[in-house]
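Fair warning: this is a prediction, and the values are worked out from it, not measured in the lab. Within every chain, numbering begins at 1; the chains are lettered A, B, ... in the order of the sequence lines, protein sequences first and strands thereafter.
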Protein chains: 4
Amino acid sequence: MVEISSAPAPGRGRPRSEQSQLAILNATRQILEERGFVDLTIEEVALRASVGKATIYRRWPTKGTLVFESFMFDFLARQPIADTGSLRGDLLAALRGWIRTVKGTVTGRTLVGLIAEVQRDPELAEVWRDRFVIPVRTQHRAIIERAIKRGEIPSTTDVDITLDLLFGAAYHRLLQSHLTLSDRFAQVVVDYIIRGLAPDEST
Amino acid sequence: MVEISSAPAPGRGRPRSEQSQLAILNATRQILEERGFVDLTIEEVALRASVGKATIYRRWPTKGTLVFESFMFDFLARQPIADTGSLRGDLLAALRGWIRTVKGTVTGRTLVGLIAEVQRDPELAEVWRDRFVIPVRTQHRAIIERAIKRGEIPSTTDVDITLDLLFGAAYHRLLQSHLTLSDRFAQVVVDYIIRGLAPDEST
Amino acid sequence: MVEISSAPAPGRGRPRSEQSQLAILNATRQILEERGFVDLTIEEVALRASVGKATIYRRWPTKGTLVFESFMFDFLARQPIADTGSLRGDLLAALRGWIRTVKGTVTGRTLVGLIAEVQRDPELAEVWRDRFVIPVRTQHRAIIERAIKRGEIPSTTDVDITLDLLFGAAYHRLLQSHLTLSDRFAQVVVDYIIRGLAPDEST
Amino acid sequence: MVEISSAPAPGRGRPRSEQSQLAILNATRQILEERGFVDLTIEEVALRASVGKATIYRRWPTKGTLVFESFMFDFLARQPIADTGSLRGDLLAALRGWIRTVKGTVTGRTLVGLIAEVQRDPELAEVWRDRFVIPVRTQHRAIIERAIKRGEIPSTTDVDITLDLLFGAAYHRLLQSHLTLSDRFAQVVVDYIIRGLAPDEST
DNA sequence: GATTAAGCGAGACGGTACGTCAAGTCTTGTT
DNA sequence: AACAAGACTTGACGTACCGTCTCGCTTAATC
């Protein structure tokens with residue numbers, strides 16, 4: 001569980017109710033499912049969770065951070081780290097896993113909503129980078145680095161751009177929805193990357 | 001100029017004031033510059049343009065469509081179509097042109113705001129696809145198709161995925177802002193694509 | 001028909017359309033029936049009458065004057081002047097006629113609406129006094145004066161106060177609707193007035 | 001003070017601010033004085049009282065009910081109950097008191113505005129009857145009933161019609177403003193009533 | 001027969017206020 | 001202290017009509 005809630009008081013006074021915490025997150029998940037990110041209001045979360053609005057604000061400064069926490073749990077649970085032994089296998093597994101998590105799911109719709117929100121709220125953007133982009137990227141980076149270690153690809157490979165190509169294309173289709181995230185898409189993209197990776201293979 | 005304003009009646013009644021139209025778009029551009037998409041309100045546009053709110057709503061159903069129209073003018077004006085003779089040259093010109101248009105500019109910030117808005121407003125999403133994504137993509141598609149005609153790349157090339165890789169990576173950096181849109185980025189990406197494009201180079 | 005419409009031009013130019021005039025008054029009457037004075041808007045009258053708003057404003061400066069004209073026709077048509085030969089008979093006829101015109105009728109509801117409007121619009125108030133209050137009062141005054149001529153009541157009778165008592169009580173019940181305008185009410189009021197009128201009967 | 005504000009919750013939640021309540025009523029009174037009922041807007045009351053519009057709407061559903069509460073305080077404060085010992089004295093005191101309260105005063109203009117509003121808003125009409133018409137009438141009814149007890153007038157007297165005559169005439173002049181509410185008017189009206197009351201004087 | 005002037009239906013115009021909604025904060029009494 | 005409840009101020013929303021103003025088009029009376 002990714003913790004965003006601002007640090008609770010040290011010891012004095014009544015401790016924060018874990019029951020409220022759960023009620024809030026459950027209500028959030030429920031509303032996300034029924035209405036989506038845009039139409040979720042703190043007011044309704046409070047109502048459904050039978051919780052005062054202040055109790056929510058005490059933990060999460062904005063709707064974005066609240067939803068982010070709810071999202072992270074679901075997202076991470078669905079992103080198994082595969083080690084297939086080959087770069088192609090690992091990349092394909094990663095991309096396919098991402099597509100499975102995202103395509104036609106509440107998690108996917110929430111991801112889209114969060115990315116939109118991140119553009120509107122600089123504070124959320126920071127959380128987003130620190131707790132989502134960087135950690136997930138670190139995982140994916142490991143795939144490439146393993147391939148370098150295995151000698152599959154040159155050590156001069158630009159890891160960042162490789163990942164931007166792989167997931168950039170995927171996020172592009174998710175956000176512009178001009179074309180679907182088919183499995184063929186995943187395969188062709190990965191093949192493209194693999195080929196593009198080896199500039200001096202024949203040399 | 002891309003026209004979104006809901007179609008006015010053919011000849012009957014008082015015609016829509018072109019002066020108001022311009023005043024509204026100018027006010028919009030001004031506020032976008034000063035405050036950005038998120039903090040732009042229809043109310044202020046109306047105030048600055050010395051126009052009734054209804055006059056705005058009569059033409060554009062939402063803030064999104066209004067900003068879109070203002071954005072399109074600026075964006076298209078900055079996207080010159082280059083024909084350098086080589087695929088590499090054309091792709092690089094296109095990507096560099098996009099980066100120049102977008103990096104550190106009001107147009108870029110507005111683009112980000114619009115992409116966010118598109119995720120929240122399904123009606124805007126439609127306009128967005130029909131008037132932005134598809135037209136721009138058609139232009140870029142021409143680059144690839146020229147290369148095919150020239151015999152530079154195989155005719156079996158998947159044009160869509162090629163473009164998704166190229167611009168997907170770029171939009172990814174724009175929206176996640178985890179890394180900058182440097183010129184080196186443009187070069188490496190294009191090289192990647194070029195290499196990836198030619199599966200049967202040796203054949 | 002009471003004419004309020006501001007005087008039309010003498011001869012030059014296209015004459016005002018009598019058809020439009022009628023269409024407007026009909027639409028007005030219809031809406032008064034369906035929705036009542038408060039919810040009648042010039043906009044809807046124009047729409048229903050298939051007439052430009054300006055065509056209405058050219059004739060009647062306000063909603064009040066328009067409705068007033070429509071009202072007057074109906075009201076006057078239902079106020080027959082009775083001459084029964086006795087003061088009691090005449091007063092009773094007048095009061096009963098008024099109650100019949102007003103109780104549970106569109107005309108009555110419109111009268112109420114107009115009296116309300118008169119309190120809000122000083123210009124309408126003037127029209128109201130000149131074209132409704134004074135003419136109607138003149139008619140009623142004649143009843144009293146006939147009785148004086150017949151020697152039924154002293155010539156020192158305060159006609160105004162007599163009428164204010166008679167109709168004041170009636171309007172009071174109409175506007176406060178605390179009690180109904182029954183026929184018994186009419187009889188008792190008239191009897192009261194008749195008795196009150198003769199201070200020096202025995203002298 | 002007549003309370004109209006929709007009933008607040010018993011003890012839970014933050015209690016309604018008495019300070020806001022007073023600020024709203026003061027602003028209302030001020031605007032009534034400066035501009036009158038018609039030109040009073042909730043928007044301006046909110047502005048002057050430094051209060052959100054919602055805070056007003058939470059207490060009073062309409063402009064009518066708000067003004068009503070402000071009016072009642074002033075009106076009741078100026079309606080002293082006199083007991084002069086004679087019916088004539090009591091009626092004259094009541095009528096003169098009413099005229100004094102109403103003639104040329106803000107309270108009078110507000111009363112007129114409210115009566116007009118009552119004709120336009122059925123919900124206000126209910127409040128009006130329950131909190132103004134009936135209570136005031138009950139007071140006046142007491143005058144007549146005292147006279148009956150004293151044996152001054154027969155016990156068969158129709159109290160309602162008596163009051164409708166007395167105040168009906170007065171409201172009539174107030175609303176039609178065809179004639180002034182002079183003191184002579186008050187005297188003649190009362191005399192009329194007194195005479196009319198005693199049908200069997202000679203018996 | 002051409003010109004002129006006003007009226008016509010339609011509907012856009014700049015305004016104003018509406019009543020609502022949700023934001024994030026604050027104030028109760030209670031735990 | 002944190003809690004549920006709910007009031008607080010703020011600010012924008014999108015709507016509805018107001019009364020005025022163009023449009024292009026009749027429809028007479030005047031030249």
Please confirm whether the backbone N or O of Leu124(D) pairs with a side-chain atom of Glu117(D), one donor and one acceptor, at under 3.5 Å? no
Salt bridge (Lys or Arg N to Asp or Glu O under 4.0 Å) assessment of Glu34(A) paired with Arg48(A): CA-CA 13 Å; Glu34(A) 293 174 21; Arg48(A) 288 227 201 168; 2.8 Å; yes
Examine distances only and state if a side-chain atom of Glu69(C) and a backbone atom of Thr65(C) form a donor-acceptor pair shorter than 3.5 Å. no
Mind listing the residues from residues 36-52 of chain C sitting with a heavy atom below 4.0 Å of DNA chain F? Number order is fine. Thr41(C), Ile42(C), Glu43(C)
When you check the side-chain N and O atoms of Arg16(D) and Gln21(D), is any donor under 3.5 Å from an acceptor? no
What is the separation between atom NZ on Lys53(C) and atom P on dG7(E), rounded to the nearest whole Å? 19 Å
Atom CZ of Arg59(C) to atom C1' of dG7(E): distance rounded to whole Å? 8 Å
I need the NZ-C1' distance between Lys63(C) and dG19(F), as an integer number of Å. 14 Å
Apply side-chain contact (heavy atoms from CB on, under 4.5 Å) to Ile42(A) and Trp60(A), showing your working. CA-CA 10 Å; Ile42(A) 297 283; Trp60(A) 299 277; over 6 Å; no
Check the distance between dC3(F)'s P and Tyr57(A)'s OH and give it to me in whole angstrom. 16 Å
Is Ser17(D) close enough to dT27(E) that one of its side-chain N or O atoms is under 4.0 Å from OP1 or OP2 there? no
The answer to which of Pro15(C) and Ala54(D) contacts DNA chain E further toward the 5' end, by nearest nucleotide, is Pro15(C)
How long is the line joining CD of Glu18(B) and C1' of dC23(F), in whole Å? 15 Å
Would you please name every residue forming a ring-ring contact (aromatic ring centres under 6.0 Å, His included) with Phe37(D), sequence neighbours left out? none
Gap between atoms CD1 and P, on Ile24(B) and dC13(E) respectively (whole Å): 7 Å
dT25(E) phosphate, OP1 or OP2: any side-chain N/O from Arg58(A) under 4.0 angstrom? no
Atom-to-atom span, CH2 of Trp60(C) to P of dG7(E) - whole angstrom: 14 Å
With respect to the phosphate group of dG9(E), does any side-chain polar atom (N or O) of Ser20(C) fall under 4.0 Å of OP1 or OP2? yes
By a strict heavy-atom criterion of less than 4.0 Å, which residues belonging to residues 112-125 of chain B are in contact with DNA chain E? none
What distance do Lys53(D) atom NZ and Leu47(D) atom CG have between them, rounded to the nearest 0.5 Å? 11.0 Å
Minimum heavy-atom distance Pro122(A)-Arg120(A), with the two atoms named: CD-O, 3.7 Å
Whole angstrom is fine here: how far is it from CZ in Arg14(B) over to C1' in dG11(E)? 9 Å
Would you say a side-chain N or O of Thr55(B) is under 4.0 Å from OP1 or OP2 of dA12(E)? no
Pair Arg35(B) + Glu44(B), salt bridge at N-O below 4.0 Å: yes
